[in-house]
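Quantities reported herein were computed from a predicted structural model and do not represent experimental measurements. Quick note: residue numbers are just sequence positions, from 1.
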Amino acid sequence: MNKFINYIKDFFNRSGGFVLSATIIARGLSFVTSWIALQLISKKTLGEVLYAWNIITFILPLVGLGLHQSYIRYGALLKSKKDKEQLLFYVLKRGVFISLIMSFFVALFGFSFHFSIDNSGRYLAIFSLIFVPFFLFEILKIKTRLFHKNKKHAFIDISYSLIMVTLVTILSFTFQEIGYIIALLLSPTICVAFYFKEFKGVLQLLTRPKLNIIDINFWKYGVFGGLSNVATILLFAIDILLIGNILQEPEKVTVYRYISLLPFSILFLPRVFITTDFVTLTEKINDINFIKNYCINYCKLFLVISIIYVSFFYAFDDFFLNILDASFVDYKESFFILNLGICGILILRGLFGNLLSSLGLVHINFYITLTALIINYVSNQKLIPEYGIKGAAITSASLQWFTGIVSLIFFLLYYRKKNSIS
């Protein structure tokens with residue numbers, strides 16, 4: 001029990017409470033931002049904008065070829081502040097250049113390709129301007145984590161959300177959809193400018209020798225990290241795509257989208273812990289006792305959270321589904337299945353997927369997610385026609401446990417091999 005209590009204390013000592021609070025505030029402000037945009041822009045026009053934005057969200061993890069992800073993992077392995085800043089300069093210089101090239105080609109595609117939804121190509125081309133600001137914003141947040149400034153990381157997140165809601169309100173009211181697009185583009189730009197002093201030391205470096213850790217594996221890590229995030233986004237989205245395609249009933253898509261809101265919303269909790277602790281985990285990845293104790297206490301905590309979560313929503317499922325829509329109560333079995341499935345991510349996948357990344361095995365994460373995508377597609381081809389959205393829920397829940405268990409197995413295999421322990 002003492003170890004578990006110390007685990008919680010250590011989390012808060014690393015400013016985990018600030019990260020948790022910032023995440024909750026950011027989520028609330030994000031909802032407010034979406035609601036304001038819906039009030040100020042016509043649904044048809046907003047739909048065109050969001051269609052283009054959804055395409056961009058699939059590309060964002062790959063900006064700079066994922067060098068920002070390489071930066072946090074390899075930066076955590078460096079000991080000196082000077083080496084970390086030299087690595088940052090390398091990542092900034094090349095990541096910004098690659099992001100500019102990506103912006104050019106996405107803009108070219110947006111203007112050249114004919115989309116079935118009006119104006120989406122033009123909006124896509126404009127949204128491509130976000131690649132460089134987004135890359136710099138991610139680097140800014142990662143730098144604060146790398147130097148164990150989780151408190152500042154939390155304030156950056158809150159600042160971004162406040163800037164976003166302010167700009168969306170003012171610019172959408174004044175310029176409608178164009179104002180909304182400008183707000184999305186300016187928010188990370190202004191936030192980076194506000195905290196630009198974080199980059200001062202890097203820009204003043206006189207000598208910038210190439211570090212030994214920068215090799216082909218450094219670049220591969222970023223690319224596979226980006227691909228893994230894209231595959232994860234698609235894994236969460238594929239159920240809805242397949243329900244719409246197979247059942248041809250838009251109302252079923254709406255039902256599944258809304259009954260999955262609560263289960264997926266709880267995923268912010270493991271993200272808070274990983275955001276707070278990823279750098280520490282990477283720094284101490286070879287400390288067997290630390291990693292062992294961390295894993296045991298993390299799993300204990302999220303096992304308890306999972307039991308409470310599932311029990312609570314099993315007892316009050318009618319109440320919460322009624323809040324969304326009275327007809328959704330008919331789908332409470334699917335809701336329960338999704339709640340059970342999400343526990344696989346809470347207890348296993350969230351931790352061991354990131355530990356694989358700490359080991360430099362992010363490509364394993366990609367292959368696990370890609371396998372899950374293939375299984376999802378094949379399984380839903382049979383289960384959705386037979387069981388409807390319940391079939392999609394069964395597939396989703398099963399794969400959430402599957403990816404968690406497989407991540408655990410691969411972590412144990414590679415970690416034991418790495419440290420020569422039985």
Practice task
Can you establish whether the number of heavy atoms outside Phe320 located under 6.0 Å from its atom CZ is more than 12?
Solution key: yes
Problem - Phe302 and Phe273 aromatic centres sub-6.0 Å - result: yes
Handout entry: Distance under 6.0 Å and angle within 45° of ring axis: Lys93 vs Phe97
Key = no
Practice task
Count the heavy atoms of every other residue, nucleotide or ligand shown that sit under 6.0 Å from CZ of Phe236, and state whether that count exceeds 12.
Solution key: yes
Handout entry: Donor-acceptor side-chain pairing of Tyr294 and Asp277 below 3.5 angstrom
Key = yes
Exercise for the section: Taking atom CZ of Phe316 as the centre, report whether more than 12 heavy atoms of other residues, nucleotides or ligands fall under 6.0 Å from it. Expected result: no
Handout entry: Heavy-atom side-chain proximity of Leu281 to Asn354 below 4.5 angstrom
Key = no
Exercise for the section: Classify the side-chain pair Ser80/Asp83 by whether it contains a donor and acceptor separated by less than 3.5 Å. Expected result: yes
Problem - Neighbour count above 12 (heavy atom, 6.0 Å) for Phe264 CZ - result: yes
Problem - Between Tyr331 and Phe335, ring centroids under 6.0 Å - result: no
Problem - Student check: side-chain heavy atoms of Arg94 and Trp219 closer than 4.5 Å - result: yes
Practice task
Tell me whether the centres of the aromatic rings in Phe313 and Tyr309 are closer together than 6.0 Å.
Solution key: yes
Practice task
Could you walk me through whether Asp239 and Thr395 pass the side-chain hydrogen bond (donor to acceptor under 3.5 Å, both in side chains) test, one step at a time?
Solution key: CA-CA 9 Å; Asp239 289 342; Thr395 299; over 6 Å; no
Exercise for the section: Considering only NZ, NE, NH1 and NH2 on the basic side and carboxylate oxygens on the acidic side, decide whether Lys141 and Glu138 come within less than 4.0 Å. Expected result: yes
Handout entry: Ser128 side chain vs Ala125 backbone, donor-acceptor pair below 3.5 Å
Key = yes
